[in-house]
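A short write-up of the structure that comes next.
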Protein chains: 2
Amino acid sequence: MHDKPIPDIIIGRLPIYLLALQHMVQAGRQVTSSQELGERLGISPAQIRKDLSQFGEFGKQGTGYNISYLRDAIRGILKVDQVWDIAVVGIGDIGRAIADYQGFADRGFRVALLFDSDPSKIGTRIGHFTVQDSAQMEKVIHDAGIKVAMVAVPVPQAQAVAEQLVKAGVKAILNYAPITLNLPHDVHVEDFDPLIHLQHMTYYL
Amino acid sequence: MHDKPIPDIIIGRLPIYLLALQHMVQAGRQVTSSQELGERLGISPAQIRKDLSQFGEFGKQGTGYNISYLRDAIRGILKVDQVWDIAVVGIGDIGRAIADYQGFADRGFRVALLFDSDPSKIGTRIGHFTVQDSAQMEKVIHDAGIKVAMVAVPVPQAQAVAEQLVKAGVKAILNYAPITLNLPHDVHVEDFDPLIHLQHMTYYL
DNA sequence: TAGATTGTTAATCGATTAACAATC
DNA sequence: TAGATTGTTAATCGATTAACAATC
């Protein structure tokens with residue numbers, strides 16, 4: 001038993017498939033095909049079939065895929081058939097928008113804890129949460145068993161905050177600070193920076 | 001003359017290099033190497049050299065790269081040695097955070113216009129801008145010559161808003177709405193959705 | 001000069017696509 | 001059954017890496 005890991009680039013497409021399936025369910029649709037999904041997403045049908053075939057057989061020849069069945073299957077693969085609690089660190093404009101954002105629940109996440117180091121913010125309420133002192137962060141996150149965090153602090157603090165999160169047991173970090181974090185290999189980091197995307201597109205203008 | 005276009009995957013890494021170089025400049029550094037950049041970014045030195053070699057020769061054997069020289073070169077390649085005006089459509093929590101965000105100017109962008117269709121928001125001020133009526137959007141953006149926009153409206157409106165932006169002459173859209181937009185091929189779209197990234201990471205938890 | 005590091009070539013590795021037998 | 005579409009194989013295409021001559 002020494003299965004090859006599934007390529008990360010394939011894992012990265014699953015949430016995109018999931019989102020499209022979700023929209024189809026909401027539109028009352030029952031079945032779809034790799035062809036249709038491909039047109040919608042700008043991905044080749046062959047690639048979609050190949051991606052899915054890594055995880056099992058979800059379709060029927062001649063008919064295609066049952067949408068809600070495939071949705072549930074992908075949810076299971078991505079482990080978002082459960083709800084993950086998230087800690088948000090840094091309650092500036094971005095952190096506040098995250099805390100107020102309503103779209104998490106449907107998709108497997110729930111903001112559970114907010115932290116900031118600014119005394120004028122600690123104790124204030126955002127949505128139905130109270131901002132807690134970053135100084136207590138490690139203990140609080142550890143005790144809550146939280147594995148997923150979003151970092152929205154200024155650049156100079158981002159690396160140190162991320163290291164604290166790792167100490168607290170966090171294994172997945174969505175990093176809003178425009179800096180590349182250096183963390184142990186077993187911690188998953190995704191950078192989330194609008195400027196990176198804008199600068200990518202201007203090349204083509 | 002029929003030069004092969006430079007792979008998009010390489011273009012996508014340039015903003016990451018640029019960001020690291022920027023930090024190095026701020027730290028007062030003069031020169032770096034593909035080795036050092038690679039360690040910092042988790043990218044192989046060979047790849048960095050190969051990527052850069054697509055655009056010219058920026059380094060010196062034995063010494064490496066002059067940081068500010070390479071930074072300026074990449075800025076030029078990405079066309080962020082100028083400032084691009086951006087229109088933001090949809091002034092909810094996310095749109096407001098974008099409008100208030102201070103980090104654009106350094107990196108080649110400036111929020112210039114805000115739009116919403118909600119009468120209770122039209123006319124209000126955010127930062128030093130007044131929210132304008134989406135009904136006027138096409139004309140205003142066209143007249144301003146704006147080519148870059150951020151879409152932060154609810155999912156049901158996103159496709160229609162994007163089509164209006166395209167009619168107004170916009171060629172690059174950063175899409176915050178969790179839905180895949182269908183637009184002409186000459187319009188560049190990047191999706192910007194935190195949930196996609198979170199769902200990617202949970203696979204590994 | 002000696003040491004370091006580039007830019008580039010060739011080899012390797014991995015991802016995408018085309019095509020089709022299987023089958024609903 | 002006939003038509004449609006899957007899952008999978010093999011071929012193609014593209015990206016990454018290793019290695020090294022050139023040279024600062």
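Labels below follow one simple rule: chain letters A, B, ... track the order of the sequence lines, proteins then strands, and each chain is numbered from 1. All figures in this text were calculated on a predicted structure; none of them were measured in a lab.
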Margin query: Are more than 12 heavy atoms, taken from residues, nucleotides or ligands other than A:R110, located less than 6.0 Å from that residue's CZ atom?
Written below: no

Margin query: Using a strict threshold of under 4.0 Å (side-chain N to carboxylate O), is an ion pair present between A:E36 and A:R29?
Written below: yes

Item checked: Under 3.5 Å side-chain donor-acceptor pair for B:Y17 and B:D51 -> yes

Notebook entry, point to check: According to the interplanar angle, ranging from 0 to 90°, do the rings of B:Y204 and A:H188 count as parallel (below 30°), tilted (30 to 60°) or perpendicular (above 60°)?
Noted result: parallel

Notebook entry, point to check: Phosphate oxygens OP1/OP2 of D:dT6: is one of them under 4.0 Å from a side-chain N or O of A:S34?
Noted result: yes

Notebook entry, point to check: Can you list, by residue number, the residues of residues 57-69 of chain A that have a non-hydrogen atom closer than 4.0 angstrom to DNA chain C?
Noted result: A:K60, A:Q61, A:G62

Check: So what does A:P45 hit on the nucleic acid, given a heavy-atom distance under 4.0 Å: a base, only sugar-phosphate, or nothing?
Finding: nothing

Next item on the list: Kindly say if B:R49 contacts the phosphate of C:dG7, meaning a side-chain N or O under 4.0 Å from OP1 or OP2.
Entry: no

Notebook entry, point to check: Whole-Å distance between C:dT17 P and A:I10 CD1?
Noted result: 12 Å

Item checked: Distance in angstrom units between B:I48 CD1 and D:dA18 P, rounded -> 14 Å

Margin query: Taking OH in B:Y69 as the centre, count heavy atoms belonging to other residues, nucleotides or ligands within less than 6.0 Å. Is the count above 12?
Written below: no

Item checked: Pairing annotation in dot-bracket form, given for DNA chain D with Watson-Crick or G-U pairs under 3.5 Å and | for cross-strand partners -> ..||||||||||||||||||||||

Next item on the list: From the options D:dT16, C:dT17, D:dT5, select the nucleotide whose nearest atom is closest to the side chain of A:S33.
Entry: D:dT5

Check: In whole angstroms, how far is the P atom of C:dT8 from the CD atom of B:Q54?
Finding: 10 Å

Margin query: Regarding A:D193 and B:R107, does a basic nitrogen lie under 4.0 Å from an acidic carboxylate oxygen?
Written below: yes

Next item on the list: Could you state the atom-to-atom distance from CG of A:D51 to C1' of C:dT16 in whole Å?
Entry: 10 Å

Notebook entry, point to check: Is the B:H197 ring parallel, tilted or perpendicular to the A:F192 ring (thresholds 30°, 60°)?
Noted result: perpendicular

Note to self: If you define the side chain from C-beta out and look only at heavy atoms, does anything of B:L181 sit under 4.5 Å from B:V187?
What the structure shows: no

Notebook entry, point to check: Does a donor on one side chain and an acceptor on the other come within less than 3.5 Å for A:R75 and A:Q22?
Noted result: yes

Notebook entry, point to check: Which nucleotide sits closest to the side chain of B:K50: C:dT16, D:dT16, D:dT8?
Noted result: D:dT16

Checklist line | Between D:dA15 (P) and B:Q47 (CD): distance, integer Å | finding: 10 Å

